[in-house]
Amino acid sequence: MKKKEVKKVLTRKSLEGPYQSPKGMRDLIGEEVYNYQGFFEKAAEVAIYYGFTPIETPILEQEEVFVRGVGEGTDIVDKELYTLRTKGGDKLALRPEFTASVMRAYLEHGMQSLPQPVMLYSSGTLYRHDKPQRGRYRELRQFNLEILGSEKAINDALVIKVFISILSEAGIKEIQLKLNSIGDKDCRPNYRRELVNYYRKNLGKVCVDCIERFKTNPMRLLDCKEEQCQEIKSKAPDSVSFLCEPCKRHFKEVLEYLEGMDIEYTIDHTLVRGLDYYTRTVFEIASKQKEGSDIMSGLSLGGGGRYDYLGKVLGSNKPVPAVGVALGADRIISSGEKLTPRIVKKPKVFFIQLGYEAKLKSVNVIEILREARIPLAHSISKDSLASQLAMAEKLQIPFTIILGQREVIDNTVIVRDMENRSQKSISLKELAVYLKEIKTVAKK
Ligand code: HAM
């Protein structure tokens, strides 16, 4: 067999089962699903208190929405976009982020005619064809907030405040907020020119990626994490010194609001963020836990900023000043406390059935308790009393209800207190009321 054919056969074989989920994408099972649900539920609750309303956009968009919105020359568009061509010939892309989609929806549905600003939150999966590593997935999840239709600095501070409140609810209180202003169309060109001049003089000392960034997207030079580029980066001109008067005023106001809200921050002149649409304020939050005590330490838990030109880029004839933030749910859930979603209730009773007739009737008993909203656990696929009781003990559930042959005929069940082993026969009709009563007594 020729080398090429061998390779073909081997590749074909590796495509046979058992299959695995695609690289950088995971199955979430049981508790993990609850952790995500719990986080998104809590984040939505905080957002709703602050006046945000929900929006859901499709997972697919016209590719142009991201190419134009997020920008060519950014990693997200150039390297990480999952694209596909439909049978009808449309070029679509899996969403790598929410902001461009939310702006597209805002414009498509004429939300400009609503009272401004429009405050929207969204959550779900996003797709970036990145190299999977610690805290970096190809299928990731975010909770996202956008305030569209206002250029007021209070909104920049507000999204940061909501971000911090959500982190705090998720048990992450030790945080570091980094902030910068990268100016607008009037002042950024001057800054960019200065940055390019500075790097031109130092091109011999920077990494190959930086040489590429120098040609395609010079602002991203400040994003470089390579050791050899750090000194050059630290001496690079900073954007805040180049801000025009309106941008300077805006940034000053943002800082004043943050101080008024007792939010600590550091100004990081190298913070530019990897998406093209930003103007003025940009920010990121990382966990401040010590290295080692937090598996996500050093990684950004979320970030955002102002994007006053994105509306026009996506076809609006009027400017749509806007600001927003995205929280990286995967990273926050790995570092924070686990939040239980409201639908998950700790079982208060364990249901045991004995014999064929009882098994037949068990669903009726489960339904009675479900309707009365009494959370229960059971194992109706098991037969013996001993194995069912052992399970109730293991789950440390305070009460069991037992349905045997005799109880089936009498329309009753036995309610057993697992602590003092006392038991009582109760009619099915009175079961829900009785359980609610003893549960209240037990709590006291
Ligand atoms: P971003 O910085 O690309 O911003 O992502 C926000 C957060 O999502 C990151 O700080 C990180 O926690 C998480 N994240 C990003 N990529 C991954 C990944 N591959 N795996 C796991 N987590 C990840 C945006 O997405 C902007 N749309 C934020 C925004 C909203 N700006 C204005 N409004």
Side-chain angles (χ1 to χ4, degrees), residues 23-26 36 39 43 47 52 55 57 61 65-66 69-71 74-77 79-82 94-104 106 117-148 155-156 158-160 162-163 166-167 170 172 175-178 180 182 220 223 271-287 294-311 320-336:
K23 193 170 167 192
M25 306 192 187
R26 302 160 301 149
Y36 277 83
F39 170 72
F52 289 83
I55 182 168
T57 59
E61 290 279 350
V65 171
F66 302 119
V70 177
T74 61
D75 283 353
I76 293 186
V77 165
K79 302 184 192 155
E80 299 169 9
L81 209 55
Y82 283 86
L94 282 170
R95 61 185 183 195
E97 59 118 39
F98 284 110
T99 313
S101 304
V102 172
M103 180 60 88
R104 192 263 313 136
Y106 172 91
V118 174
M119 299 167 72
L120 300 169
Y121 74 84
S122 43
S123 60
T125 51
L126 306 163
Y127 300 85
R128 296 184 185 183
H129 194 267
D130 204 349
K131 216 196 265 161
Q133 49 192 283
R134 179 179 68 108
R136 182 154 300 166
Y137 304 104
R138 287 184 174 173
E139 183 183 63
L140 59 132
R141 288 165 173 82
Q142 284 183 348
F143 184 81
N144 188 81
L145 298 158
E146 310 290 358
I147 302 182
L148 305 112
N155 296 312
D156 306 43
L158 188 68
V159 291
I160 294 174
V162 181
F163 182 0
I166 295 173
L167 286 179
I172 302 174
I175 53 155
Q176 184 180 32
L177 165 65
K178 288 183 186 169
N180 195 13
I182 54 171
R220 294 294 309 282
D223 243 3
L271 184 68
V272 285
R273 312 246 317 122
L275 305 96
D276 256 8
Y277 47 60
Y278 289 116
T279 46
R280 296 186 166 173
T281 322
V282 285
F283 59 87
E284 279 182 6
I285 291 185
S287 159
D294 180 358
I295 49 168
M296 291 300 148
S297 88
L299 289 178
S300 157
L301 298 176
R306 182 158 276 287
Y307 48 96
D308 292 345
Y309 308 135
L310 179 61
V320 185
V323 64
V325 63
L327 285 73
D330 308 286
R331 296 181 187 178
I332 294 171
I333 290 165
S334 306
S335 356

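Being a predicted model, the structure only gives us computed values, none of them experimental. Counting starts at 1 for both ligands and their atoms, in listed order.
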Engineer: Nearest to atom 16 (N) of ligand 1, what protein heavy atom do you find, and at what distance?
Structural biologist: R128 NH1, 3.2 Å

Engineer: For ligand 1, indicate whether the residue L126 contacts it via side chain, backbone, both or neither (heavy-atom separation under 4.0 Å).
Structural biologist: neither

Engineer: Please check this pair: side chain of R138 against backbone of M25, looking for a donor-acceptor N/O pair closer than 3.5 Å.
Structural biologist: no

Engineer: Looking at every non-hydrogen atom in both residues, tell me the closest pair between S123 and F98 and how far apart they are.
Structural biologist: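 Closest pair (atom of S123, atom of F98, distance): C-CZ, 3.5 Å.
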
Engineer: Report, in ascending order of atom number, the atoms of ligand 1 lying under 4.0 Å from any heavy atom of N144.
Structural biologist: 30 (C)

Engineer: Does any part of the side chain of S122, heavy atoms only, come nearer than 4.5 Å to the side chain of T57, both counted from C-beta?
Structural biologist: no

Engineer: Do any N or O atoms from the side chain of R306 and from the backbone of P321 form a donor-acceptor pair under 3.5 angstrom?
Structural biologist: no

Engineer: Is there a side-chain contact between I55 and E146, using heavy atoms and a 4.5 Å cut-off?
Structural biologist: no

Engineer: Using a 4.0 Å heavy-atom cut-off, say whether L301 meets ligand 1 through its side chain, its backbone, both or neither.
Structural biologist: backbone

Engineer: What's the shortest distance from atom 31 (N) of ligand 1 to any protein heavy atom, and which residue and atom give it?
Structural biologist: Y278 OH, 2.6 Å

Engineer: Apply the side-chain contact (heavy atoms from CB on, under 4.5 Å) test between M119 and each candidate in V159, L145, I147; give the one that qualifies.
Structural biologist: I147

Engineer: Among protein heavy atoms, which lies nearest atom 12 (O) of ligand 1, and at what distance?
Structural biologist: S300 O, 2.8 Å

Engineer: Return the closest protein heavy atom for atom 19 (N) of ligand 1 as residue, atom name and distance.
Structural biologist: Y137 O, 2.8 Å

Engineer: For atom 32 (C) of ligand 1, which candidate among A322, G324, G24 holds the nearest heavy atom?
Structural biologist: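 Among A322, G324, G24, the closest heavy atom to atom 32 (C) of ligand 1 comes from G324.
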
Engineer: Does an N or O anywhere in T99 fall below 3.5 Å from an N or O of ligand 1?
Structural biologist: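 Yes, at least one N or O pair falls under 3.5 Å.
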
Engineer: For atom 27 (N) of ligand 1, grab the closest protein heavy atom and report residue, atom and distance to one decimal in Å.
Structural biologist: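 Of every protein heavy atom, E97 OE1, 2.6 Å lies nearest to atom 27 (N) of ligand 1.
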
Engineer: What atoms in ligand 1 come closer than 4.0 Å to a heavy atom of Y277?
Structural biologist: 26 (C), 27 (N), 31 (N)

Engineer: Is there a donor-acceptor pair closer than 3.5 Å between any side-chain N or O of T279 and the backbone N or O of D308?
Structural biologist: yes

Engineer: Between Y307 and T99, does the side-chain hydrogen bond (donor to acceptor under 3.5 Å, both in side chains) criterion hold? Intermediate values first, please.
Structural biologist: CA-CA 9 Å; Y307 48 96; T99 313; 5.4 Å; no

Engineer: Just to confirm my output: which protein heavy-atom neighbour is closest to atom 17 (C) of ligand 1, and how far is it?
Structural biologist: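 Closest protein heavy atom to atom 17 (C) of ligand 1: L140 CD1, 3.7 Å.
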
Engineer: Applying a 4.0 Å heavy-atom criterion (strictly less than), which segment of R273 is in contact with ligand 1: side chain, backbone, both, or neither?
Structural biologist: side chain

Engineer: So which heavy atom in the protein is nearest atom 13 (C) of ligand 1, and how far is it from that ligand atom?
Structural biologist: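 Sorting protein heavy atoms by distance from atom 13 (C) of ligand 1 puts G328 CA, 3.6 Å first.
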
Engineer: Determine whether the side chain, the backbone, both or neither of R136 has a heavy atom under 4.0 Å from any heavy atom of ligand 1.
Structural biologist: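 Both parts.
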
Engineer: Is there a donor-acceptor pair under 3.5 Å between the side chain of R128 and the backbone N or O of E80?
Structural biologist: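 Side chain of R128 to backbone of E80, a donor-acceptor pair under 3.5 Å: no, none is there.
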
Engineer: What closest approach, in Å, do G303 and F163 show between heavy atoms, and which atom pair accounts for it?
Structural biologist: N-CE2, 4.1 Å

Engineer: Counting from 1, what ligand 1 atoms have a heavy atom of G303 closer than 4.0 Å?
Structural biologist: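 Per the distance check, 10 (O), 28 (C), 29 (C).
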
Engineer: For L140, is there any backbone N or O sitting under 3.5 Å from a side-chain donor or acceptor partner on D330?
Structural biologist: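 No: the side chain of D330 does not pair with the backbone of L140.
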
Engineer: Could you tell me, atom by atom, which parts of ligand 1 come under 4.0 Å of a heavy atom of G302?
Structural biologist: 7 (C), 10 (O), 12 (O)

Engineer: Among all the protein's non-hydrogen atoms, which is closest to atom 5 (O) of ligand 1, and how far away is it?
Structural biologist: Q142 NE2, 3.1 Å

Engineer: For E146, take its heavy atoms, then give the atoms of ligand 1 lying under 4.0 Å from any of them.
Structural biologist: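 Once the distances to E146 are compared, the set is 30 (C), 32 (C), 33 (N).
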
Engineer: Is it true that a side-chain atom of R95 and a backbone atom of T125 form a donor plus acceptor pair closer than 3.5 Å?
Structural biologist: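 Judged by distance alone, yes, a pair lies under 3.5 Å.
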
